[in-house]
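Please read the structure below before turning to the comments.
In what follows, every chain begins at residue 1, and chains take the letters A, B, ... in the order their sequences are listed. The figures that follow rest on heavy atoms only: side chains count, while hydrogens, waters and symmetry mates do not. The shown structure was predicted, so the numbers you read here are calculated from the model rather than taken from an experiment.
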There are 2 protein chains.
Amino acid sequence: MDFFFNPQGIAVIGATPNPFKGGNAILKNLIAGYTGGIYPVNPQYSEIEALTCFHSVRSIPERVDLAIVFVPAKKVPATIEDCIAKGVPGVMIESGGFAETGLDGTALQQSLKNMVSRSGIRLWGPNCMGLVDAYRGYVFSFMAPGALEHGLLRGNISLVVQSGLLSAGFLIDIMNHYITGISKVCSIGNKVDVNECDLMPHLLHDTNTEVVGLYLESFSDGRLFADLCRRSDKPIVLLYGGKSRKGAEAAISHTASLAGNQRVISGILAQAGVIEATDFKQMIDICRSLAATETHPERPGRVAILTFSGGAGIVSSDFIEKHGLSVAELSLSTKESLKGLFPEWMPVSNPVDLWPAMERHAGSHIDVYATALKAVLRDPSVDAVFVHTYAGNIRIKLDIADLAEQTNTAGKPAFVWLLGNREEAFAFKKEALAHGIPVFDELSRGIECLATVFHHRKPPEMQMDLSQREDAGTLSRELTHLLENSSGPLDEHLSKNILKSYGIPTVEEYIVNDATECEAIAVRIGFPVVAKGLLPQAAHKTELGLICLGIHDTQTVLTSFNDLMNKMNNNGKVLIQKYLKGSVELIAGLIRDSQFGTCVMLGIGGVMTEVFNDVVFAMAPLTERDALDLTTRLRNQKILDGYRGETPVNRKALAEILVRLGNIGMMNPRIREIDINPLIISESEPKAVDATIVLQ
Amino acid sequence: MDFFFNPQGIAVIGATPNPFKGGNAILKNLIAGYTGGIYPVNPQYSEIEALTCFHSVRSIPERVDLAIVFVPAKKVPATIEDCIAKGVPGVMIESGGFAETGLDGTALQQSLKNMVSRSGIRLWGPNCMGLVDAYRGYVFSFMAPGALEHGLLRGNISLVVQSGLLSAGFLIDIMNHYITGISKVCSIGNKVDVNECDLMPHLLHDTNTEVVGLYLESFSDGRLFADLCRRSDKPIVLLYGGKSRKGAEAAISHTASLAGNQRVISGILAQAGVIEATDFKQMIDICRSLAATETHPERPGRVAILTFSGGAGIVSSDFIEKHGLSVAELSLSTKESLKGLFPEWMPVSNPVDLWPAMERHAGSHIDVYATALKAVLRDPSVDAVFVHTYAGNIRIKLDIADLAEQTNTAGKPAFVWLLGNREEAFAFKKEALAHGIPVFDELSRGIECLATVFHHRKPPEMQMDLSQREDAGTLSRELTHLLENSSGPLDEHLSKNILKSYGIPTVEEYIVNDATECEAIAVRIGFPVVAKGLLPQAAHKTELGLICLGIHDTQTVLTSFNDLMNKMNNNGKVLIQKYLKGSVELIAGLIRDSQFGTCVMLGIGGVMTEVFNDVVFAMAPLTERDALDLTTRLRNQKILDGYRGETPVNRKALAEILVRLGNIGMMNPRIREIDINPLIISESEPKAVDATIVLQ
């Protein structure tokens with residue numbers, strides 16, 4: 001892939017002298033920053049921008065590592081053929097008019113894919129804006145030439161984006177406003193060949209990259225992507241566009257119907273340790289925060305606030321609590337050393353309102369911020385400082401160089417909230433960026449980003465090898481035969497027999513064939529019991545009236561048996577089950593996701609699952625740690641800790657069920673969906689009370 | 001109050017020539033914008049800033065309507081005495097050092113309060129930054145003189161703020177960045193006398209004010225404030241600082257323990273039609289959005305997106321769905337008229353990606369935005385337009401004057417998301433502000449603000465007169481006596497008798513005195529039944545093992561009776577109750593809030609209330625509309641619509657219970673708290689199954 005990032009010789013196919021066309025912008029951007037050979041290609045011209053123009057890429061006499069193509073879509077395949085003939089290893093197709101435009105464009109894009117398979121050429125795009133590399137000064141893109149007022153800003157963030165905007169207009173905006181610098185931005189467009197999984201390894205090894213940010217609208221290989229993220233030592237921040245598009249798959253189980261596009265993606269990103277962003281600038285804010293400071297998952301995140309406004313201190317405290325950090329309790333000695341700054345009447349506490357000190361020392365040589373910073377940074381009960389300041393006020397003076405030195409020495413991050421006059425604030429941001437101090441316009445954003453410093457943690461290694469597990473369980477010959485030869489939903493008894501064989505605890509239950517057997521079984525299980533009618537292929541027993549709950553005596557169990565047999569026209573089977581009164585009802589399940597493959601779900605609610613809408617997903621196979629984490633990601637996870645004197649749920653046992661559920665899916669490709677609903681917690685232990693396995 | 005807003009003659013007590021002191025800044029700000037008499041007061045000087053300086057306010061020979069005080073806190077009472085002696089009607093105390101600093105300061109502040117009661121003088125502050133009036137050019141504040149690069153920007157937002165920041169540094173920042181103009185900003189500090197309720201009527205009648213924004217850290221009179229907001233025809237936006245401070249009151253009932261500061265406030269604000277903000281700039285963004293456009297609660301909020309980036313269109317769509325708006329389905333004729341702009345291969349849909357049209361028409365005279373705007377604005381299925389643009393790109397050209405004219409003519413709001421080069425973007429914002437077009441830096445914020453245009457609605461009139469209700473219910477003499485003479489929690493049977501007398505449906509139940517009666521009652525009610533032991537003053541029956549659920553036969557009911565009597569040492573009473581199997585369990589209650597008085601609560605969960613943490617509050621008395629709205633504010637309100645074939649809850653009956661609950665509280669001041677938990681929904685109808693009334 002190095003020919004994309006550091007090519008020797010670049011052809012611009014579709015070069016033109018017309019300044020309103022992209023083919024001209026690409027050329028100008030190369031001339032401005034690329035030092036190798038540049039070869040415009042356009043049969044209509046012999047020279048463009050003072051460079052010799054070639055009729056075809058094949059007529060270029062020199063080595064060409066990269067061709068950048070900006071010709072109408074229909075003409076693209078022929079230019080690729082030329083590149084193959086010339087032996088060009090990589091092509092960036094920046095023209096649009098492919099799969100994004102409908103059926104014809106999709107066919108055209110497929111023809112490009114075929115060329116890749118046939119020839120081994122690597123195609124980047126189409127419908128993209130190529131590459132920007134701030135360190136090498138490369139702009140392989142039709143981004144407006146000269147739009148960067150101060151040139152490319154270097155930084156330690158790299159981006160992979162499925163929208164040209166983020167590598168052009170947006171990039172120009174954030175660089176011109178000195179919000180951040182970057183290392184590389186890869187705009188990958190329709191991803192006919194080169195995709196995020198190809199580029200990630202390159203960026204994760206790039207010495208100028210500390211954080212990778214992505215904007216994606218699809219995953220080319222979801223499992224591989226998750227695996228790359230999981231192994232990464234660099235923080236990864238991802239914004240997914242298209243959350244509102246509904247999943248189109250037909251769903252039989254609850255699990256599948258609850259598996260909206262976004263919910264599965266969010267679950268897998270959380271499992272892989274990826275930070276999910278929600279908006280463009282917010283994504284950049286998170287990236288630049290993590291690029292400026294080490295993450296500290298080992299510390300609780302106790303924040304000292306230095307402010308010039310009591311109100312801003314209070315609102316900051318609200319956000320600190322909301323984002324799971326805490327307002328630091330300053331030690332007595334810290335308060336003592338701060339006291340000297342203030343008028344006598346001023347009580348010192350966190351948030352530290354420096355205004356009275358600023359009023360008192362205005363015009364003097366005393367540096368209020370520096371003194372206060374020194375005191376709070378050496379306090380062992382402070383993990384970070386949130387500094388409020390104003391650019392352009394004679395009383396409020398923050399020395400950025402001193403702040404940077406103090407925060408680096410202490411090894412504790414300092415984030416700044418800035419107000420100010422326009423020019424002074426801009427100058428402040430510029431200087432702060434040079435010193436690696438993140439500055440924010442909004443309190444909420446500053447705290448949101450600071451929270452990622454303390455909450456982001458690398459996930460545990462994934463264990464991919466299932467065969468190692470000796471206790472995975474085995475199926476009887478009968479059940480194996482069933483799995484191999486049936487299709488559609490299995491009845492709950494068969495479903496639970498399979499789950500039980502694989503080590504998942506299920507409720508005690510028996511099929512009864514006649515009244516005598518029914519009575520005997522009910523007595524053996526012990527009242528109260530439940531009677532259910534099992535009809536082949538019928539997943540919705542409740543709606544068909546095939547469930548009799550709360551049977552307390554032999555008389556009722558016999559009546560229920562006869563009722564059920566009548567309702568089913570003697571066609572089905574009757575199941576007698578122990579009645580489990582649960583403290584909590586859960587749902588657990590398995591789906592096959594089109595982007596991420598086998599995924600496990602956990603949710604709250606049993607029959608109320610849709611009401612509470614509190615479900616989480618992870619990609620199988622799960623480690624035990626993954627499964628435990630999954631239980632903590634439920635919005636209402638407090639329910640698992642016991643309430644009103646109930647004992648807490650055995651989370652280890654619950655995690656074990658989730659791990660086994662994932663493994664069942666990995667081992668049995670014919671299983672399409674599994675629903676355990678309800679998974680009832682009875683005396684702390686989870687048990688599958690109803691279940692459906694859906695086969696292909 | 002007019003002497004504060006338009007005084008004839010202003011004394012500045014604490015004036016000084018030292019440019020680092022607030023007393024100098026106040027004077028300079030007055031000289032710059034106030035045309036009446038300005039009288040510096042300071043015994044140490046005879047002249048300051050070329051004005052005659054007076055020894056005391058009493059020695060000023062002219063009329064003084066307003067004194068602005070900036071002297072050390074301890075000296076403030078004496079200066080107020082002088083003002084009283086001089087007959088000054090209003091004083092703004094801008095010095096700090098009062099209740100915000102501890103006990104001594106609180107005592108000092110109380111002495112000011114006493115002066116108000118004694119003399120009738122009105123005191124504004126202390127610890128505040130007074131008043132800014134952009135129309136009159138008044139700055140009655142120690143805000144840095146000359147900090148406004150372009151002077152005060154006039155607009156139609158007024159602010160009432162409990163933090164000086166928002167009327168000083170913050171205001172300078174937003175004006176210097178041309179984010180918005182304002183009408184008046186009132187910084188009210190510690191509110192010893194003048195508070196938000198005094199100022200609101202003035203602002204609601206101010207012809208230059210269209211929207212009122214508030215930052216508060218406490219409510220001086222919560223009920224009056226809510227009432228003022230409810231009657232307001234102008235939108236009110238409020239940010240409350242101090243959400244993270246815990247309520248300190250001891251709580252007996254669940255209702256009281258769930259009534260965190262923030263939850264009660266949020267409930268009452270929603271009920272009063274106030275839009276709750278979360279951060280400073282976000283508050284201003286909502287204010288300026290509502291100031292720029294009429295609200296449209298009657299329209300569904302279908303948004304057309306005009307963008308230059310497919311990715312930005314997709315992310316916008318995600319936010320539109322998230323904020324309860326929808327992406328408009330463009331009509332066929334709209335698509336037809338848009339088609340002409342685009343290359344042939346380009347399918348037209350919403351979001352409308354204008355980039356291919358911009359590329360096609362770059363350098364021509366065709367105005368792509370104007371043409372597209374015309375098409376979408378006349379589409380009857382479009383309620384608003386979200387326009388993305390870039391300032392400083394030759395292909396992307398938006399004519400703001402045309403946009404303003406088109407959107408005004410159509411009566412449909414147009415909000416703009418802007419990227420751009422620094423200078424060009426600033427010029428764009430300035431022009432857009434002049435044309436009344438709201439511009440945003442972040443997609444999410446633009447959509448969040450657009451959503452308030454469609455979701456904000458004026459609440460219904462409040463009916464304060466309870467005596468009109470003929471069906472309010474009456475208590476027996478026995479229950480009246482109990483209410484008047486008991487204290488602490490009443491047992492559940494008495495509590496429900498009171499609720500029943502006031503028309504709240506309760507479960508069928510009877511006190512039984514011996515085994516014979518117990519059996520007879522159980523048979524009369526019909527099995528299954530519940531037996532409960534009632535001990536005086538014991539609110540927590542579950543924890544004491546005094547509840548026997550699911551009794552199915554006479555044998556068991558007798559055993560339970562004996563068990564309960566034994567457990568209570570024959571000290572309490574046994575209650576036999578019909579067992580209600582509910583489809584939904586709710587909690588409803590009443591509290592007395594220190595800021596808002598009698599409030600009603602509704603929540604989901606019964607015994608699981610704390611787990612789901614889904615409770616909402618409103619101020620009593622409630623209208624039926626209030627009560628119905630309350631049911632829709634529950635996060636999991638879907639539960640009330642029925643699930644898995646259950647019939648929906650009778651919301652009208654539920655609302656009736658909430659209205660009656662509030663009225664019980666209004667009529668009986670001795671009731672401190674009421675808990676109905678669970679309030680069970682059985683066959684659509686809500687019934688109180690357990691309840692506790694706590695008396696003072």
Exercise for the section: Please look at B:Y178 and chain A and tell me whether the side chain, the backbone, both or neither of the residue comes under 4.5 angstrom of a heavy atom of that chain. Expected result: neither

Problem - chain A contact via B:E423 - which portion, at a heavy-atom distance below 4.5 Å - result: both

Practice task
Output yes when A:K281 and A:D441 qualify as a salt bridge under the 4.0 Å nitrogen-oxygen rule, no when they do not.
Solution key: no

Practice task
Give, as side chain, backbone, both or neither, the part of B:F170 having an atom under 4.5 angstrom from any heavy atom of chain A.
Solution key: both

Practice task
Heavy-atom distances under 4.5 Å only: say whether B:E149 touches chain A with side chain, backbone, both or neither.
Solution key: side chain

Exercise for the section: Answer with side chain, backbone, both or neither: which region of B:R395 has an atom nearer than 4.5 Å to a non-hydrogen atom of chain A? Expected result: side chain

Handout entry: Side chain to side chain, A:E217 and A:Y240, heavy atoms closer than 4.5 Å
Key = no

Fill in the blank from the handout: Applying a strict 4.5 Å limit to non-hydrogen atoms, the region of A:P19 in contact with chain B is backbone

Handout entry: Ring-face cation contact, B:F342 with B:R360, 6.0 Å cut, 45° max
Key = no

Handout entry: Between B:S163, B:A144, B:G392, B:G420, the one whose heavy-atom pairs under 4.5 Å with chain A are most numerous
Key = B:G420

Exercise for the section: Classify the angle between the aromatic ring planes of A:H150 and A:F426 as parallel (below 30°), tilted (30 to 60°) or perpendicular (above 60°). Expected result: tilted

Problem - Validation row: B:S187, B:L166 side chains within 4.5 angstrom (heavy atoms) - result: no

Practice task
Could you check which of B:D641, B:L419, B:I172 has the highest count of heavy-atom pairs closer than 4.5 Å to chain A?
Solution key: B:L419

Fill in the blank from the handout: Pair count under 4.5 Å, heavy atoms only, with chain A: among B:N176, B:D279, B:D353, highest is B:D279

Exercise for the section: Can you label the angle between the A:F142 ring and the A:F70 ring as parallel, tilted or perpendicular, going by 30° and 60°? Expected result: tilted

Exercise for the section: State, with a plain yes or no, whether a side-chain heavy atom of B:Q162 is found less than 4.5 Å away from one of B:S218. Expected result: yes

Practice task
Can you tell which part of B:A312 gets under 4.5 Å to a heavy atom of chain A, answering side chain, backbone, both or neither?
Solution key: both

Exercise for the section: Heavy-atom distances under 4.5 Å only: say whether B:P356 touches chain A with side chain, backbone, both or neither. Expected result: neither

Exercise for the section: Kindly indicate whether the side chain of A:E424, heavy atoms from C-beta on, has any atom under 4.5 Å from the side chain of A:N393. Expected result: no

Practice task
Between chain A and each of B:Q637, B:R635, B:K638, B:H177, count heavy-atom pairs under 4.5 Å; write down the option with the most.
Solution key: B:H177

Exercise for the section: For atom CG of B:D553, decide whether the heavy atoms of other residues, nucleotides or ligands shown that lie under 6.0 angstrom number more than 12. Expected result: yes

Problem - Residue selection (most heavy-atom pairs with chain A, distance under 4.5 Å) from B:I320, B:N18, B:T278, B:L165 - result: B:L165

Handout entry: Side chain / backbone / both / neither for B:K322 at chain A, heavy atoms under 4.5 Å
Key = neither

Completion exercise
Max heavy-atom pairs within cutoff under 4.5 Å with chain A, candidates B:A362, B:G313, B:G105, goes to B:A362

Exercise for the section: Look at the rings of A:H388 and A:W417 and say which category their plane angle falls in: under 30° parallel, 30 to 60° tilted, over 60° perpendicular. Expected result: perpendicular

